[in-house]
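Next up is a structure, given as structure tokens.
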Amino acid sequence: MLKLKDAETNYKFLYNRSPLHPPITATMKLIKLVSACLLSLSLTGCFDVQLNGSIADSQLSVTPLRQPDNVVKSAVSLGPENWAQSLGTEEWEQLSGLLKLLFVGIANVKIEGVDPNALYLVTASGGEDYDAERKLALSDIPEAVQGSWHAIVTGQRLLDGNIKVSPLTEALYLQVLPRLGEWNDAQVLARLDASAQLTVTDVDKNDVVNYADVVSWSRFFDAAKYRGDLSALNALADSISAGQPTTTRTELSKAVLGSESVVMSFDVGDVTLETYNWDSPITAANFLNYVRDGFYDQMVVHRAINNFMIQAGLLDFLGLNDQGQVRFAPKAAGDPIVNESSNGLSNLRGTMAMARTSNPDSATAQWFINQANNTFLDNGSSQNPDGYAVFARVTSGIGIVDQIAGEPTVTVNSVGNDVPSRGVILESVVITE
């Protein structure tokens, strides 16, 4: 939503003519009208309904997350005729096509009696898309919307307002939908936060990327802050507009979360990986955050077992001593993450999973690449019922994994019995475009 200061300073958004020439009296009158309206929207619960463009006349409902029939609030998103009546026809017609588009789709709701700590489901149904062709201007011929889409929000966010209900919130809703019956609110939020880190950057500019950034994300202002290809969001928006079933929207949502290609450069060659963002959002986001921070650059492969796996993420490479031996030191990792081994992925040859202690939820930065089909590491197996979470797979360079796994090993105190004796170095890990 346009901020108050934007309405007061960016004259080019208010007029279809040059900002240098509008009559001063008319300009100030219009600015006051726009500013007053935007200010009123910021003081109460405010929704902004979007697909390809802004959606007018969409039916909004707010329900407890797991009680979709218990409607606590409802509203209808505003259309051009509502704003023409509110601002005055003359003033409305003087607005630029983009600013009109920003106003359309807003629903202002007085929120009372919600639990700030509970999760709620906002559902938008039907309406008319006033920029179905994504031209960033209000269309004279809106396109009817046949389907529904959703956003999960906390009660506190309902009270704060500024909630964008968009294809992006729908994708993340569908990601958690199959597990809502078994996950508590904290588990749902953990996955939403992780999925946010996989899809957007810092939208609300508070130096933290979490689900709040997804609920704040707008195609109009934040397209550059979407990590993936916008065509995936466009396809999902079109699917919603066409009223396609949940199964179709779910498949399209997987493309919205996408995957990342990561190149691991070892001293003997490169291994390229692809992350499973949809299946393992917490684990994938955790790994990718370490990659972006440069955590894995110049590390020692501290475990290699032929016909089993290779492992790293523990030891920093510090160079060689006078005898030519590798010097290393443990590297401090971040907080442990939830074990996502129940994601249905198996520890097959070429997959990458998180290492952990006997505590299932103890993984931090250490990972291993399976050199063999290690299904005994899967969730529900007789040997490891809690399982090890697979979150990526090798797409090229499996021969490099084989080479490292076959290195002669020695025992190193405080490290283990399977440390490559020559010191195998992971030189860098980078995310490719």
Next item on the list: Could you check if a side-chain atom of K225 sits within less than 4.5 angstrom of a side-chain atom of D202, using non-hydrogen atoms only?
Entry: no

Note to self: On a heavy-atom basis, which atom in N206 and which in V208 lie closest, and how many Å separate them?
What the structure shows: OD1-O, 2.9 Å

Note to self: Among S58, S54, S125, which residue satisfies the side chain to side chain contact (heavy atoms under 4.5 Å, CB included) criterion with V49?
What the structure shows: S58

Item checked: Reported CD1-to-CD distance for the pair I398 and Q403, which is rounded to 0.5 angstrom -> 12.5 Å

Using residues 253-263 as the side-chain source, report each donor-acceptor pair under 3.5 Å to any protein atom, sequence neighbours left out, with the distance given to one decimal.
| from | atom 1 | to | atom 2 | distance (Å) |
| --- | --- | --- | --- | --- |
| S253 | OG | R249 | O | 2.8 |
| K254 | NZ | E251 | OE2 | 3.1 |
| S261 | OG | T432 | OG1 | 3.2 |

Checklist line | Heavy-atom pair with the smallest gap, counting every atom of P64 and V72 | finding: CD-CG1, 4.2 Å

Check: Do M309 and R303 come close enough that some side-chain heavy atom pair is under 4.5 Å?
Finding: yes

Notebook entry, point to check: Do P80 and V104 come within less than 4.5 Å of each other through their side chains, counting heavy atoms only?
Noted result: yes

Next item on the list: Calculate, to the nearest 0.5 Å, the distance between atoms CG and CZ belonging to L233 and R219 respectively.
Entry: 6.0 Å

Check: So, for L95 and L99, which heavy atoms are closest and what is the spacing to 0.1 Å?
Finding: CD2-CD2, 3.4 Å

Next item on the list: Would you check if there is a donor-acceptor pair between the side chains of D160 and Q156 at a distance under 3.5 Å?
Entry: yes

Next item on the list: Classify the side-chain pair Q311/Q366 by whether it contains a donor and acceptor separated by less than 3.5 Å.
Entry: yes

Checklist line | Validation row: L348, T375 side chains within 4.5 angstrom (heavy atoms) | finding: yes

Check: Taking all non-hydrogen atoms of both residues, which atom of P116 and which atom of T154 are closest, and how far apart?
Finding: O-CB, 3.9 Å

Check: Taking atom types as modelled, is there a side-chain donor on T283 or E340 under 3.5 Å from an acceptor on the other?
Finding: yes

Item checked: Q371 side chain to N307 side chain, donor-acceptor N/O pair below 3.5 angstrom -> no

Note to self: Is it the case that the side chain of D131 and the backbone of S139 share a donor-acceptor pair, with hydrogens and angles ignored and the cut-off at 3.5 Å?
What the structure shows: no

Checklist line | Side-chain touch I106/W83, heavy atoms, less than 4.5 angstrom | finding: yes

Check: Hey, is the main chain of G387 close enough, under 3.5 Å, to the side chain of R356 for a donor-acceptor pair?
Finding: yes

Note to self: With a 3.5 Å distance limit and no angle check, can you tell me whether Y211 reaches the backbone of V153 through a side-chain donor-acceptor pair?
What the structure shows: no

Notebook entry, point to check: Atom CG in D279, atom OG1 in T275: separation rounded to 0.5 Å?
Noted result: 10.0 Å

Margin query: So does F295 get a backbone contact from the side chain of K331, meaning a donor-acceptor N/O pair under 3.5 Å?
Written below: yes

Margin query: Show, in sequence, the C-alpha distance, side-chain angles and deciding distance for I337 and T364, and conclude whether the side-chain contact (heavy atoms from CB on, under 4.5 Å) test is met.
Written below: CA-CA 6 Å; I337 60 172; T364 55; over 6 Å; no

Check: Step by step, would you call F368 with N374 a side-chain contact (heavy atoms from CB on, under 4.5 Å)?
Finding: CA-CA 12 Å; F368 61 91; N374 298 319; 5.6 Å; no

Next item on the list: Using a strict 4.0 Å threshold on nitrogen-to-oxygen distance, state whether R134 and D129 make a salt bridge.
Entry: no

Margin query: Please tell me whether N339 and D361 have a donor and an acceptor in their side chains that are separated by less than 3.5 angstrom.
Written below: no

Margin query: In terms of relative ring orientation, are F391 and F287 parallel, tilted or perpendicular, with 30° and 60° separating the classes?
Written below: tilted

Next item on the list: Measure the spacing between NZ of K164 and OG of S218 and express it to the nearest 0.5 Å.
Entry: 6.0 Å

Item checked: Q67 versus D69, side-chain donor and acceptor atoms under 3.5 Å -> no

Notebook entry, point to check: In terms of ring plane angle, is the pair W367 and Y296 parallel, tilted or perpendicular, where the classes change at 30° and 60°?
Noted result: perpendicular

Notebook entry, point to check: About how many Å separate CD of Q50 and CH2 of W149, when rounded to the nearest 0.5 Å?
Noted result: 10.0 Å

Notebook entry, point to check: Do you see a donor-acceptor pair shorter than 3.5 Å between the side chains of N52 and D238?
Noted result: yes

Next item on the list: Would you check if V300 and I425 make a side-chain contact, meaning some heavy-atom pair closer than 4.5 Å?
Entry: yes

Check: If you look at every heavy atom in A392 and Y276, which pair is closest and at what distance?
Finding: N-CD1, 3.4 Å

Item checked: Side chain S362, main chain T357, donor-acceptor under 3.5 Å -> yes

Notebook entry, point to check: At their closest point, which heavy atom of N379 faces which heavy atom of D386, and how far apart are they?
Noted result: ND2-O, 3.3 Å

Next item on the list: Could you tell me whether the side chains of D229 and S231 share a donor-acceptor contact shorter than 3.5 Å?
Entry: yes

Check: Does a sphere of radius 6.0 Å around CD in Q85 hold more than 12 heavy atoms from other residues, nucleotides or ligands, not counting ones at 6.0 Å or beyond?
Finding: no

Margin query: Checking S346 against D378: is there a side-chain donor and acceptor pair closer than 3.5 Å?
Written below: yes

Note to self: Nearest 0.5 angstrom please: L65 CG to Y120 OH, how far?
What the structure shows: 10.5 Å

Note to self: Quick check on E90: does its CD atom have over 12 non-hydrogen neighbours (other residues, nucleotides or ligands) under 6.0 Å away?
What the structure shows: no

Item checked: CA sep, side-chain torsions, deciding dist, call: N108, F47, side-chain contact (heavy atoms from CB on, under 4.5 Å) -> CA-CA 6 Å; N108 198 22; F47 301 90; over 6 Å; no

Next item on the list: For the pair T199 (side chain) and A196 (backbone), establish whether a donor and an acceptor sit closer than 3.5 Å, ignoring hydrogens and angles.
Entry: yes

Note to self: If only side-chain N and O atoms count, and only distance matters, is there a donor-acceptor pair under 3.5 Å linking S216 with R157?
What the structure shows: yes

Check: Hey, is the main chain of V390 close enough, under 3.5 Å, to the side chain of N343 for a donor-acceptor pair?
Finding: yes

Notebook entry, point to check: Any luck finding a side-chain donor-acceptor pair between T63 and N70 under 3.5 Å?
Noted result: no

Note to self: Using a 3.5 Å distance criterion without hydrogens, assess whether the side chain of D213 forms a donor-acceptor pair with backbone atoms of N210.
What the structure shows: yes

Check: Is the closest side-chain heavy-atom distance between L51 and P167 below 4.5 Å?
Finding: yes

Item checked: Check against side-chain contact (heavy atoms from CB on, under 4.5 Å), L102 and F221 -> CA-CA 10 Å; L102 298 179; F221 297 115; 3.6 Å; yes

Margin query: With heavy-atom distances below 4.5 Å as the criterion, would you say the side chains of M264 and V429 are in contact?
Written below: yes

Note to self: Test your reading of the model: is there a side-chain donor-acceptor pair from N82 to the backbone of L78, 3.5 Å cut-off?
What the structure shows: no

Note to self: Is it the case that the side chain of D316 and the backbone of P330 share a donor-acceptor pair, with hydrogens and angles ignored and the cut-off at 3.5 Å?
What the structure shows: no

